[in-house]
Amino acid sequence: MPSSVKALGQARSSRSTMAPDSCCCSPAAMQRRLPILAWLPDYSLQWLKMDFIAGLSVGLTVIPQALAYAEVAGLPPQNLLGLQNIPRQFFLQVYHTFLNIGETRVGDAVLGLVCMVLLLVLKLMRDHVPPVHPEMPPGVRLSHGLVWTATTARNALVVSFAALVAYSFEVTGYQPFILTGETAEGLPPVRTPPFSLTTANGTTSFAEMVQDMGTGLAVVPLVGLLESIAVAKAFASQNNYRIDANQELLAIGLTNVLGSLVSSYPVTGSFGRTAVNAQSGVCTPAGGLVTGALVLLSLDYLTSLFYYIPKAALAAVIIMAVAPLFDTKIFGTLWRVKRLDLLPLSITFLLCFWEVQYGILAGTLVSLLILLHAVARPKTQVSEGPVLVLQPASGLHFPAIEALREAILNQALEGSPRRCAILECIHVCSIDYTVVLGLGDLLEDFRRQGAALVFVGLQVPVLRTLLAADLKGFQYFSTREEAENHLQQDPGTQPYNSCGDPVPEHKVALLKA
């Protein structure tokens, strides 16, 4: 990475690792919440040069992609073939696309495929451009710069090429492509979002608008947040700085609130654009200001040119932007690392063919169920012998106590002969009231059967909780050997300390305190 990006990373690292300040208006707190206060005082002309180049590079990527995504947000322009009035639901899209394949516009199909090939070639060129070395001749460095610029701005070049082709046909009076058409000129008006919508069919209330959004109302913010945090952490690890997730959430939330005033669609982080930013040598967030200025200028002065952009070219931009996100290697990786994780991945993947929001929600639900199953059925290591030793591999929480109780009773008391048991709790750092009640019932079960259950390796918070509960027959020891020796000699019910001696009442009171 360029040294300038590393400098930005170090600056962000120094901000994110600062100690929390008790005053929200202190200089340190203000710098954390308003990062411009940290990097602006040290801003230099060299940083300005690098930010300007990065901002232009990202802007040339953003504008055609934004046009394409806006088309998708308003209308699904079918997958490139010139088909219209295709449903949004995936299976219906496939069905109607093949049903209407005879209506394919040859011009759109050919132009879309050509644009895809050009984008792929330019991307491969970009990936194989060797780095520039200072000892290279000026002519070689210039050629490298031109190739890098052309391949980085490939979206803008390909869309411009398609627009020129479409304009050439327009001059001849024959238009084989579906064009983008009129685009609203100028900056969007600043106004509060509408809470009702009046159409020819009547008025749609706010409640009906929310109902129409469905699960997307929860999925879109969740996915946007996860994507943004993932992008930030990926580049933070590359450049050796840390991310403040709260600050990222604050920035995304504030941006989307302000964006709603100008009819913006949801704003999130982007892997592709962030990569272009980093590869362009961006030094500070000022690069984003350059990108924003370029977008605003295009809205004011270039919207008339957007008319001639074929929708097939925009479809090609979307396809080539999304295709690299499909990582087939993850299936093999999960199969080797943890096969159970393939379950939520597969469910999410398959249900996304129905509706994306359903796939994400289903995958989240399955992941939650897997997590709850691990909590409710913790793995327990069992050591057989005259004394049964059980060691839970994780913490004890209320969903797990019944399963643990059944396991201990089945293995210790239902066999012949009945055995005493040791519950080794070195991995248990906290328990709740339901667990305390369950352990009390378990001690009572052992007492009725003439056996004993003792505890080993209790951490101080857990020990205090159990002593405060005043469980009848509760005994604890520091080591397994001490517990085994005691059970073989005298499985009583008086609380014992690590030496096997009864705990004096004043020490019990002290522990309870």
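One-based numbering along the sequence shown.
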message: Please find the pair of heavy atoms, one from Leu351 and one from Ala362, that lie closest to each other, and give the distance.
response: CD1-CB, 3.2 Å
- request: Heavy atoms only: give me the nearest Phe177-Val165 pair and the separation to one decimal.
  value: CE1-CG1, 3.8 Å
message: Taking the side chain as everything from C-beta on, heavy atoms only, tell me whether Thr380 gets closer than 4.5 Å to Gln391.
response: no
- request: Run the numbers on Leu368 and Leu372 for side chain to side chain contact (heavy atoms under 4.5 Å, CB included), then give the verdict.
  value: CA-CA 6 Å; Leu368 180 61; Leu372 289 177; 4.2 Å; yes
field: Minimum side-chain heavy-atom gap Pro221-Leu225 below 4.5 Å
entry: no
message: Show every ring-ring contact (aromatic ring centres under 6.0 Å, His included) that has at least one partner inside residues 272-311, sequence neighbours left out.
response: Tyr167-Tyr308
query: Counting N and O atoms only, with roles assigned by atom type, does the side chain of Ser367 sit under 3.5 Å from a partner on the main chain of Gly363, one being a donor and the other an acceptor?
result: yes
task: Decide side chain to side chain contact (heavy atoms under 4.5 Å, CB included) for Ser228 and Glu248; before the verdict, give the C-alpha distance in whole Å, the side-chain angles of both, and the deciding distance to 0.1 Å.
output: CA-CA 8 Å; Ser228 300; Glu248 299 295 327; 5.6 Å; no
query: When Val317 is tested against each of Val158, Ile309, Asn155 for side chain to side chain contact (heavy atoms under 4.5 Å, CB included), which residue passes?
result: Asn155
statement: Heavy-atom nearest pair, Leu157 first then Ala150, reads CD1-O, 3.2 Å
- request: Find the distance between CD1 (Ile347) and CG (Leu342) and round it off to the nearest 0.5 Å.
  value: 11.0 Å
field: Any donor-acceptor pair under 3.5 Å from Asn256 side chain to Val267 backbone
entry: yes
query: Which heavy atom of Cys115 sits nearest a heavy atom of Ala162, and at what distance?
result: SG-CB, 4.1 Å
message: My understanding is that only residues two or more places apart in sequence, or in another chain, count here; which of them pass salt bridge (charged side-chain N to carboxylate O under 4.0 Å, His left out) with Lys123?
response: Asp127
Any donor-acceptor pair under 3.5 Å from Thr291 side chain to Gly55 backbone: yes
- prompt: Can you tell me how far CZ of Phe52 sits from CG of Leu294, rounded to the nearest 0.5 angstrom?
  reply: 8.5 Å
message: Which heavy atom of Val295 sits nearest to which heavy atom of Ser298, and what is that distance?
response: O-OG, 2.5 Å
query: At what distance, to the nearest 0.5 angstrom, does CG of Leu299 lie from CG of Leu302?
result: 8.5 Å
- prompt: Should Ile360 and Thr364 count as side-chain neighbours, where that means a heavy-atom distance under 4.5 Å?
  reply: yes
- prompt: Side chains of Gln247 and Pro35: closer than 4.5 Å at any heavy-atom pair?
  reply: yes
- prompt: Below 4.5 Å, heavy atoms only, C-beta onward: do Ile319 and Met116 meet side chain to side chain?
  reply: yes
field: With sequence neighbours excluded, residues passing side chain to side chain donor-acceptor pair (under 3.5 Å) with Asp51
entry: Tyr43, Thr284
Arg191 vs Leu261, side chain to side chain contact (heavy atoms under 4.5 Å, CB included): CA-CA, chis, key distance, verdict: CA-CA 5 Å; Arg191 58 189 179 189; Leu261 301 178; over 6 Å; no
message: Donor-acceptor pair, distance only, cut-off 3.5 Å: does the side chain of Ser346 make one with the backbone of Leu343?
response: no
query: Can you check whether Val147 reaches Thr151 side chain to side chain, under 4.5 Å on heavy atoms?
result: yes
task: Search all heavy atoms of Cys283 against all heavy atoms of Met50 and return the closest pair with its distance.
output: SG-CB, 3.6 Å
message: With rounding to the nearest 0.5 angstrom, report the CD to OG1 distance, Glu208 to Thr203.
response: 9.0 Å
query: Within a radius of less than 6.0 Å around CG of Leu45, do more than 12 heavy atoms belonging to other residues, nucleotides or ligands occur?
result: no
Spacing of CZ belonging to Arg242 relative to NZ belonging to Lys233, to within rounding of 0.5 Å: 10.5 Å
- prompt: Rounded to the nearest 0.5 Å, how far does CG of Leu314 lie from CG of Leu179?
  reply: 10.5 Å
task: Would you please test Asp42 and Trp39 for side chain to side chain contact (heavy atoms under 4.5 Å, CB included) and show each step?
output: CA-CA 6 Å; Asp42 299 325; Trp39 56 263; over 6 Å; no
- prompt: How about Ile252 and Thr268: do any of their side-chain heavy atoms sit closer than 4.5 Å?
  reply: no
task: Could you tell me whether the side chain of Ser430 reaches within less than 4.5 Å of the side chain of His397, counting heavy atoms only?
output: yes
- prompt: Okay, side chain of Glu170, backbone of Gln175: is any donor-acceptor separation there less than 3.5 Å?
  reply: no
message: If the test is side chain to side chain contact (heavy atoms under 4.5 Å, CB included), which one of Leu122, Leu118, Val117, Leu124 qualifies with Leu120?
response: Leu124
